[in-house]
J.: 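Here it is, the structure in full.
Residues take their numbers from the sequence shown, with the count starting at 1. Just so we're clear, the structure is a prediction, and the values are computed from it rather than from any experiment.
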Amino acid sequence: MTGLPAVSVHRAVPGVSVRVAMQTGCGPYAYIVADVEPPGPGGESEFLHTVPEERLPHAFPPAVWEGIGEGPDGVAATVLLTDGGFHEVDSRDHGYRPAGREAGRAALAAVGPGPAPRDQGRQIRVNWPGKPRPKPGEGTGRRPVRAGQGPGGRASGAP
């Protein structure tokens, strides 16, 4: 969302949420919820936040904004950060930057011009209104199990 916008978000996308939780040692951890709306008068992007300091220290929103600029570069929007979370030890800027980037990508996917971001295992989870639901067994590395079957595809109760 830098420079002159080539395109703008044309409808509101409320409740885009991203959780970053790297499971290797210490952090990073980040959690944000944002509403993405069409740009205001003049077509310029803007970033606002209403999250109290005890929910998200005010040192982290600038990293979220940097990440949003990396995601849908060149797309104008108004982004309102409505909720967030942090961990006193594991939260750092390099957790909030990818959270912002994925939130921007999710908003674009919701309005049409961008590809949908993919959850990255347990490390990055992204949700937005209209997110396609995975098909049974998709992304889990397991085969779907039909009703009445146990693990391995055997009928329940079969030896």
J.: Using side chain to side chain contact (heavy atoms under 4.5 Å, CB included), reason through W65 and L81 one step at a time and then give a plain yes or no.
T.: CA-CA 10 Å; W65 182 237; L81 197 58; over 6 Å; no
J.: Any salt bridge (charged side-chain N to carboxylate O under 4.0 Å, His left out) involving residues 75-85? Give me the pairs, sequence neighbours left out, ordered by first then second residue.
T.: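 Checked against salt bridge (charged side-chain N to carboxylate O under 4.0 Å, His left out) - neighbours excluded - the pairs reaching residues 75-85 are R55-D83.
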J.: Determine whether L56 and Y96 make a side-chain contact, defined as any pair of heavy atoms from C-beta on separated by less than 4.5 Å.
T.: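 L56 reaches Y96 side chain to side chain.
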J.: State, to 0.1 Å, how close V33 and G15 come at their nearest heavy-atom pair, and which atoms those are.
T.: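 Looking at all heavy atoms of both residues, the closest pair is CG1-CA, 4.1 Å.
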J.: Counting distance only, does the side-chain N/O of D90 pair as donor-acceptor with the main-chain N or O of P28 below 3.5 Å?
T.: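 Not a single qualifying donor-acceptor pair exists.
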J.: Is there a donor-acceptor pair closer than 3.5 Å between any side-chain N or O of S45 and the backbone N or O of T78?
T.: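 Checked: no pair found.
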J.: Kindly compute the distance separating CD (E46) from CG (L80), expressed to the nearest 0.5 Å.
T.: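 Between E46 CD and L80 CG, I get 9.5 Å after rounding to 0.5 Å.
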J.: Quick one: closest heavy-atom pair of D35 and P14, and the distance?
T.: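 Distance-wise, the nearest heavy atoms are OD1-CA, 3.3 Å.
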J.: Considering all heavy atoms of both residues, which atom of H87 and which atom of S91 are nearest to each other, and what is their separation?
T.: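 So the two residues come closest at N-OG, 2.7 Å.
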J.: Let me confirm one number: the CZ-CZ distance from R97 to F60, rounded to the nearest 0.5 Å.
T.: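 Going from the CZ atom of R97 to the CZ atom of F60 covers 11.0 Å.
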J.: Heavy atoms only: give me the nearest P129-V13 pair and the separation to one decimal.
T.: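 Of all heavy-atom pairs spanning P129 and V13, the closest is CD-CG1, 4.0 Å.
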J.: Just checking E53: does its CD atom have more than 12 heavy atoms from other residues, nucleotides or ligands closer to it than 6.0 angstrom?
T.: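 Counting other residues, nucleotides and ligands, CD of E53 exceeds 12 neighbours.
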J.: The criterion is side-chain contact (heavy atoms from CB on, under 4.5 Å); which residues satisfy it with P39, sequence neighbours excluded?
T.: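 Per chain and number, P39 pairs via side-chain contact (heavy atoms from CB on, under 4.5 Å) with S8, A76.
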J.: First locate atom CZ of R19, then atom CD1 of I32, and finally report the distance between them rounded to the nearest 0.5 Å.
T.: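 So the gap between those two atoms works out to 13.0 Å.
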J.: Which heavy-atom pair separates V79 from A34 by the least distance, and what is that distance?
T.: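 That would be CG1-CB, 4.1 Å.
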J.: Search all heavy atoms of V126 against all heavy atoms of A106 and return the closest pair with its distance.
T.: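 Heavy atoms only, the tightest pair is CG1-CB, 3.7 Å.
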J.: Between the main-chain N or O of A21 and the side-chain N or O of R125, is there a donor-acceptor pair closer than 3.5 Å?
T.: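 No, R125 side chain to A21 backbone: no donor-acceptor pair under 3.5 Å.
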